[in-house]
2 protein chains.
Amino acid sequence: MMAKTVQTIEDIARLANVSKSTVSRALNDSPLINQETRERIQSLAREYNFRINAPARNLSMRQSHTLGFVSYACSGKNFSAENMFGLELLGGVSDGLRPLGYDLLVVPVEPHDTTWAHQYLNSGRVDGFVLTISTRKQKMINELVNMGIPFILWGFPQPNSSFCTVCGDDVTGGRIATEYLIRTGRQHIGFLGGPMDEIEVKYRHHGYELALQNAGRYLDPDLVVYGDYSHTSGITAMKRLLEQKPDLDAVFVNSDVMALGAIQYIQSCGKRVPEDIAVVGYDDLLLARYNNLPITTIRQNIPLAGKLLAENLIQYIQTGVVTNVNLPVELVIRKTA
Amino acid sequence: MMAKTVQTIEDIARLANVSKSTVSRALNDSPLINQETRERIQSLAREYNFRINAPARNLSMRQSHTLGFVSYACSGKNFSAENMFGLELLGGVSDGLRPLGYDLLVVPVEPHDTTWAHQYLNSGRVDGFVLTISTRKQKMINELVNMGIPFILWGFPQPNSSFCTVCGDDVTGGRIATEYLIRTGRQHIGFLGGPMDEIEVKYRHHGYELALQNAGRYLDPDLVVYGDYSHTSGITAMKRLLEQKPDLDAVFVNSDVMALGAIQYIQSCGKRVPEDIAVVGYDDLLLARYNNLPITTIRQNIPLAGKLLAENLIQYIQTGVVTNVNLPVELVIRKTA
DNA sequence: ATGAAAGCGCTAACAA
DNA sequence: TTGTTAGCGCTTTCAT
């Protein structure tokens with residue numbers, strides 16, 4: 001039995017005794033085609049296992065029907081460590097894209113390269129970009145906005161410029177983490193943040209303060225330190241915190257990876273988690289769940305975030321509608337607090 | 001200042017006072033073009049920030065210049081848990097591809113779908129596929145081979161059929177893990193494998209036996225159990241092992257994720273790692289390094305693997321040369337053994 | 001070494 | 001509702 005494979009819509013047209021355009025219309029569910037012809041052609045296409053040629057279609061339509069997922073590339077590390085979060089998001093975006101008929105292209109970006117956007121967009125390889133944590137530096141975003149590049153950001157919107165975003169509810173995240181610590185009887189609750197200038201970090205800190213104030217607690221600046229989301233910075237920031245406040249008995253850490261570092265330092269001091277010091281992380285990555293001492297953390301809904309990033313960027317590309325969505329977070333209680 | 005942007009090679013041709021073909025040749029470093037014209041055109045292209053249109057080029061050349069990275073898609077989980085390894089590999093492949101002028105497309109595959117290969121290949125979206133763990137079921141591989149689909153596999157070659165592969169040296173991995181355990185004085189060393197029918201697992205087991213035999217040890221079948229790479233299976237397999245051999249004092253586990261599960265079970269029995277039972281994992285994922293009790297493990301060179309997967313698949317596509325490479329592994333000593 | 005022209009497979013404006 | 005035709009922007013014979 002020979003493989004029933006047909007190469008072009010012209011082949012189908014011949015088999016169906018119609019013109020190329022009719023086939024094109026039928027395959028694209030055009031409204032101005034006869035119900036019956038449409039079905040005949042579609043079943044023919046199915047029977048012959050026909051796949052429409054993407055380059056040709058994209059060339060003709062001046063659209064690639066693919067989105068670029070941007071991440072830093074540096075010697076095999078473009079998807080690691082601090083980027084764990086972005087990595088898990090990739091799966092979500094990819095899943096969100098599928099039902100919409102779009103593809104996902106990996107766009108590795110060199111840290112100081114500013115041409116990548118034009119490179120991928122002008123060459124017609126992608127229609128827009130999904131930016132995740134660590135690629136969303138302020139300067140880069142401003143450039144993208146100025147250049148009119150279609151993109152969506154995992155993060156907060158900016159007051160003065162308008163682009164699509166999806167973010168987590170960081171104020172609530174910071175608040176419920178801290179409330180839980182208060183509720184479980186902790187007296188001196190530290191805040192171990194991500195980079196101090198990031199808006200997310202500010203919101204989480206705000207939530208932290210809110211919880212403390214509602215409980216009538218004093219806000220001690222010595223309880224607040226910052227890191228950069230890395231494992232190492234979790235260690236050093238925890239060290240600093242403990243030096244400033246030796247009687248600390250809990251800490252809310254802005255990422256699971258930093259929390260791992262913090263826990264490591266705490267234990268190296270001979271203190272126990274959670275007995276002596278309770279730790280709450282952020283993100284709920286796999287390594288939080290699988291850590292040998294499973295981490296109590298604030299879960300971000302990563303699959304949903306991916307889905308919305310995909311859907312809303314496509315919507316923006318097609319209609320120009322700018323959306324900004326804020327996703328709920330959730331406390332996951334495990335062993336560290 | 002207006003943006004100097006030019007859309008097509010025809011625009012460049014006009015500016016350079018040459019024909020489209022000449023521009024095309026110049027941009028592609030064709031040998032039959034004048035050195036001087038080439039440079040003139042290239043600098044013009046640079047100056048005007050010109051990017052060649054990919055769909056047009058791909059259509060004309062009948063090549064997409066992109067590779068598909070295949071992974072299971074199932075409700076946001078296509079890149080998680082058991083797939084951690086594949087996830088880290090994605091970064092390596094992406095980096096390996098860049099210098100070669102190829103792009104990486106994410107190809108999410110539904111577990112029982114068998115049409116994805118044709119779908120992506122016949123539509124001209126990719127020129128070939130990179131298959132990683134969990135997408136490389138025997139049946140699927142055979143189908144791909146029969147259909148003549150270009151792909152490269154992370155895994156071992158098959159004796160009877162010929163396709164490109166990159167794999168780790170699992171025999172050595174199993175051997176050096178076990179040797180280390182022997183060297184550090186362990187008497188009853190267990191083997192907690194991945195799926196029993198996987199060739200990798202057989203090789204690792206072979207290395208385990210080799211080390212034991214070389215040390216003049218008896219091979220006790222009760223010391224050998226199997227899981228499926230999942231965290232849960234690490235827990236249950238460890239339970240079984242401990243029931244069969246209560247005096248066990250070490251275990252070589254076939255993946256870091258399973259090792260995490262095994263450690264969790266061991267500790268839940270009130271035993272200590274590594275004092276009572278030493279654990280060696282496999283892969284050296286980030287969660288092995290960042291685990292709160294950092295895991296002693298066999299490192300696979302993931303960035304190198306990614307680079308070779310990329311390079312060798314492209315070579316195969318372009319020349320038909322089939323390569324099979326076996327990468328060295330390395331023992332990383334941390335806290336669990 | 002360069003140009004002219006055909007064609008890659010598709011969509012879409014226009015005609016029928 | 002369907003067909004005809006003209007591109008989309010590139011590569012590549014075939015001339016020159």
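Naming: A, B, ... by sequence-line order, numbering from 1 per chain. It should be emphasised that the depicted structure is a prediction, and the values quoted were computed from it without experimental measurement.
Checked against ring-ring contact (aromatic ring centres under 6.0 Å, His included), A/Y316 has no partners two or more places apart in sequence or in another chain. Considering only residues two or more places apart in sequence or on other chains, B/Y120 meets the ring-ring contact (aromatic ring centres under 6.0 Å, His included) condition with none of them. A search for side chain to side chain donor-acceptor pair (under 3.5 Å) contacts involving A/S43 returns nothing, not counting sequence neighbours. In this view, A/A26 and A/I33, A/R38, A/I41 satisfy the side-chain contact (heavy atoms from CB on, under 4.5 Å) rule, not counting sequence neighbours. For B/D113, the side chain to side chain donor-acceptor pair (under 3.5 Å) test picks out B/T115, with sequence neighbours left out.
At the phosphate of C/dT11, OP1 or OP2 sits under 4.0 Å from a side-chain N or O atom of A/R57. Distances shown here put every side-chain N or O of B/T22 at or beyond 4.0 Å from the OP1 or OP2 atom of C/dT2. Put simply, A/N28 has a side-chain N or O that comes within less than 4.0 Å of OP1 or OP2 on C/dT11.
Applying the side chain to side chain donor-acceptor pair (under 3.5 Å) definition to pairs two or more places apart or across chains, those involving residues 50-64 of chain A are A/N49-A/R51, A/S64-A/D127. Listed by first and then second residue, the salt bridge (charged side-chain N to carboxylate O under 4.0 Å, His left out) pairs that reach into residues 311-325 of chain A are A/K307-A/E311, sequence neighbours excluded.
A distance of 6.5 Å separates CG of B/L327 from CG of B/N301, quoted to the nearest 0.5 Å. Here the CG atom belonging to B/L144 is positioned 9.5 Å from the NE2 atom belonging to B/H118, to the nearest 0.5 angstrom.
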Scan the side chains in residues 12-19 of chain A for donor-acceptor partners under 3.5 Å anywhere in the protein, sequence neighbours excluded, and list what turns up.
{"from": "A/R14", "atom 1": "NH1", "to": "A/D11", "atom 2": "OD1", "distance (Å)": "3.4"}
{"from": "A/S19", "atom 1": "OG", "to": "A/T22", "atom 2": "N", "distance (Å)": "3.4"}
{"from": "A/S19", "atom 1": "OG", "to": "A/T22", "atom 2": "OG1", "distance (Å)": "3.1"}

For residues 159-166 of chain B, tabulate all N or O donor-acceptor pairs below 3.5 Å that involve a side-chain atom, not counting sequence neighbours.
{"from": "B/S161", "atom 1": "OG", "to": "B/Q158", "atom 2": "OE1", "distance (Å)": "3.3"}
{"from": "B/T165", "atom 1": "OG1", "to": "B/N324", "atom 2": "ND2", "distance (Å)": "2.6"}

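For A/H65 and C/dG9, the NE2 to P distance is 18 Å, given to the nearest whole Å.
Contacts of residues 33-40 of chain B with DNA chain D (heavy atom under 4.0 Å): none.
The side chain of A/S21 sits closest to C/dA12 out of C/dC8, C/dA5, C/dA12.
When the local axes at the two ends of the helix from C/dA1-D/dT16 to C/dA16-D/dT1 are compared, using 5 base pairs at each end, they differ in direction by 30° after rounding to 10°.
When DNA chain D is scanned 5' to 3' for any atom under 4.0 Å from a heavy atom of chain A, the first and last hits are D/dT1 to D/dG9.
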